Every structure is written in structure tokens, then in C-alpha cells.
2 protein chains.
Amino acid sequence: MKDDETYRQRAEILKALAHPTRLWMVDRLAQGEECVCQFVEAAGVDFSTISKHLAVLKRVGIVEDERRGKQVFYRLQAPCVVGFFHCVDAVLREETTSECALCQQREETNELA
Amino acid sequence: MKDDETYRQRAEILKALAHPTRLWMVDRLAQGEECVCQFVEAAGVDFSTISKHLAVLKRVGIVEDERRGKQVFYRLQAPCVVGFFHCVDAVLREETTSECALCQQREETNELA
DNA sequence: CCATTATTTGGCTAAATCGCCAATAGTTGG
DNA sequence: CCAACTATTGGCGATTTAGCCAAATAATGG
């Protein structure tokens, strides 16, 4: 089942998250919606760059957008992705079994996939 | 804090996971260690391809390897990453708030980053 | 040690990604 | 409708990634 469609789809979502700027944007959106121009100002990069990053996140369903007047506001459609970071950071700190909430949860349910 | 080192490191880990073959390998390793040749046989791709994918996972600390005789065995060093899949699948199914264990957990702790 | 098996590494080309610039499109206010 | 503001899209060069092949490295058994 190596070329299972499921793995391809999961990879799409992880790939969409796997960029520093996009992770930064997700982090900000965890505290509430924000419009494109706010990201541009805070990041100091080109408008088109931010817009494309947001399009990547939108394409896989992590964020959704809403136009209000001239501005387009983005918010998290899948806020659970923020929970990833706990586990990612656990990997970074090499706390790979004890302190990661995900690990604990997994051991409880013993559900592997 | 757009160019924060933390975001760069998190992105490295997610990027390492963001490939169908590597996700498939992590899934297999969740059930126990496996040697390179087992992956090669099951995946039907080149030995060097599998080896390089495993190197990517090893580089960021998701797996570790151990040579035993002629073979090199890999096992999960950060088994918590398997927990990601629950959440990724929740995004895929658009069950973005209610059924994702991560979301529930997050709402409980109210810890966002 | 020599042949065999198991794995990694280097090299190559094709494809994808990134970030900028320029051009285009949607919205609002005069 | 035109000018201004906000955002998206297209396109370009530079960098990265993927997967194959061939060559190099590691371990074992004659």
C-alpha cells in the first residue's frame, strides 16, 4: 500500500504546513482572523509572497478566507493543526515519549494509524 | 518574529514528514523496527531511494538506526509523530473541531503555541 | 581476502518551490 | 467612471527535491 492515496493526501497537508512563514501565519491565526495586509506589514515581505502562502494553506483546507470590503480576512478552518506544534517541538527537544501529549494519548488508545 | 528560528526548525520536521513514501515508512515503523531491505521489497523502488528517505527522517530525529550484521534497522525515535496522522486525517475529512483529539485537547488546556 | 549481500553516497536530470516584479482584478470613495 | 487601495495571478531565475544509476563502503561466510 505504498502508493496509497491516503499517504499522498496526508503529505499534501504536511507539505502545506512545512514552511517557516506559513507556520508563523498559522500561529498568528490561532489568536484570531487577520487580513492579508496585516501579514504583509508584520512579515516585511512582498504582498504576492504572502498571498501565495495563504493560497497554499487554503488549498488544503487549513484556512478559509472572507472578503470584507477591500480586505480579505483569513482564519483557521482546521485549528487542530496548531496542536501539531506541541508534538513538533517535542521532537525538537527530543522529548520523544514522556512529555508529548500526543504520545501519551496514543499510548492510552493504542491506536496507531 | 517571522524569521524566528523556531519556525524554521518546525518547518524542517514537517518537511521531513511531507512525502508519501516517508509517511508510509513512519506508519510501518509504528508497528516495530524494520530494516532497509524490507522497505525496498515492500515499496518496489530503488534501494538508494529508500535509503535517502530514511536519511531524511533520521536527520531530523524522527527515526534512529542500528546496524546489526549486514542489515541496518530503523525504528521510530519520536513515535509521537504518528499522532499527527489523526489530526491530518481530521483535516482531510473536514472534521476540524469536534472529532479531532488534538482540538479537544487544545480547548482543554487553552494553550495555543 | 574474495565473493556476496546490504547499505550509503555521488551524480545526473526532471520537476517542484520560493520570492520578487509586473500586470490584472475587486472594492470603495470621490 | 476614475483614482486609490487591497489582493491575486503570471512569469522569471535561483534553489531544492525526487528517483534512478553507478560507484563506494560495511559486514559476513567461505
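Side-chain atoms are counted along with the backbone in the values below, which use heavy atoms only and exclude waters and symmetry mates. Below, read A as the first sequence line, B as the second, and so on, with proteins coming before strands; counting in each chain starts at 1. Owing to the predicted nature of the structure, the values given are computational and were not obtained by experimental measurement.
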Margin query: I need the CZ-C1' distance between A:Phe47 and C:dA25, as an integer number of Å.
Written below: 13 Å
Checklist line | Axis-to-axis angle between the two ends of the helix from C:dC1-D:dG30 to C:dG30-D:dC1 (five base pairs per end, rounded to 10 degrees) | finding: 20°
Note to self: If the condition is side-chain hydrogen bond (donor to acceptor under 3.5 Å, both in side chains), which residues does A:Gln9 pass it with, not counting sequence neighbours?
What the structure shows: none
Notebook entry, point to check: In chain order, what residues pass the salt bridge (Lys or Arg N to Asp or Glu O under 4.0 Å) check against A:Arg22, with sequence neighbours excluded?
Noted result: none
Note to self: Side-chain N or O of B:Tyr74 versus OP1/OP2 of C:dT8: is the shortest distance under 4.0 Å?
What the structure shows: yes
Item checked: All side-chain contact (heavy atoms from CB on, under 4.5 Å) counterparts of B:Thr49, not counting sequence neighbours -> B:Val45, B:Asp46, B:His53
Check: What residues form a salt bridge (Lys or Arg N to Asp or Glu O under 4.0 Å) with B:Lys58, not counting sequence neighbours?
Finding: B:Asp65
Next item on the list: Go through residues 63-70 of chain A and report each residue with a non-hydrogen atom lying under 4.0 Å from DNA chain C, sorted by number.
Entry: A:Arg67, A:Gly69, A:Lys70
Check: Does a side-chain N or O from A:His53 land closer than 4.0 Å to OP1 or OP2 of C:dG19, or not?
Finding: yes
Next item on the list: Would you mind listing every ring-ring contact (aromatic ring centres under 6.0 Å, His included) that reaches into residues 54-75 of chain B, with sequence neighbours excluded?
Entry: none
Listing time: all N or O pairs from protein to nucleotides 12-15 of chain C that are below 3.5 Å?
none

Item checked: Pairwise salt bridge (Lys or Arg N to Asp or Glu O under 4.0 Å) hits with a residue in residues 72-86 of chain B, at least two apart -> B:Glu33-B:Arg75, B:Glu64-B:Arg75, B:Glu66-B:Arg75
Check: Rounded to whole angstrom units, what separation is found between the CG atom of A:Asp46 and the C1' atom of C:dT17?
Finding: 16 Å
Pairwise N/O distances under 3.5 Å, protein to nucleotides 13-16 of chain D:
none

Notebook entry, point to check: Under the side-chain contact (heavy atoms from CB on, under 4.5 Å) test, which residues partner B:Arg8, sequence neighbours left out?
Noted result: A:Pro20, B:Glu5, B:Glu12
Notebook entry, point to check: Hey, is the main chain of A:Gln31 close enough, under 3.5 Å, to the side chain of A:Arg28 for a donor-acceptor pair?
Noted result: no
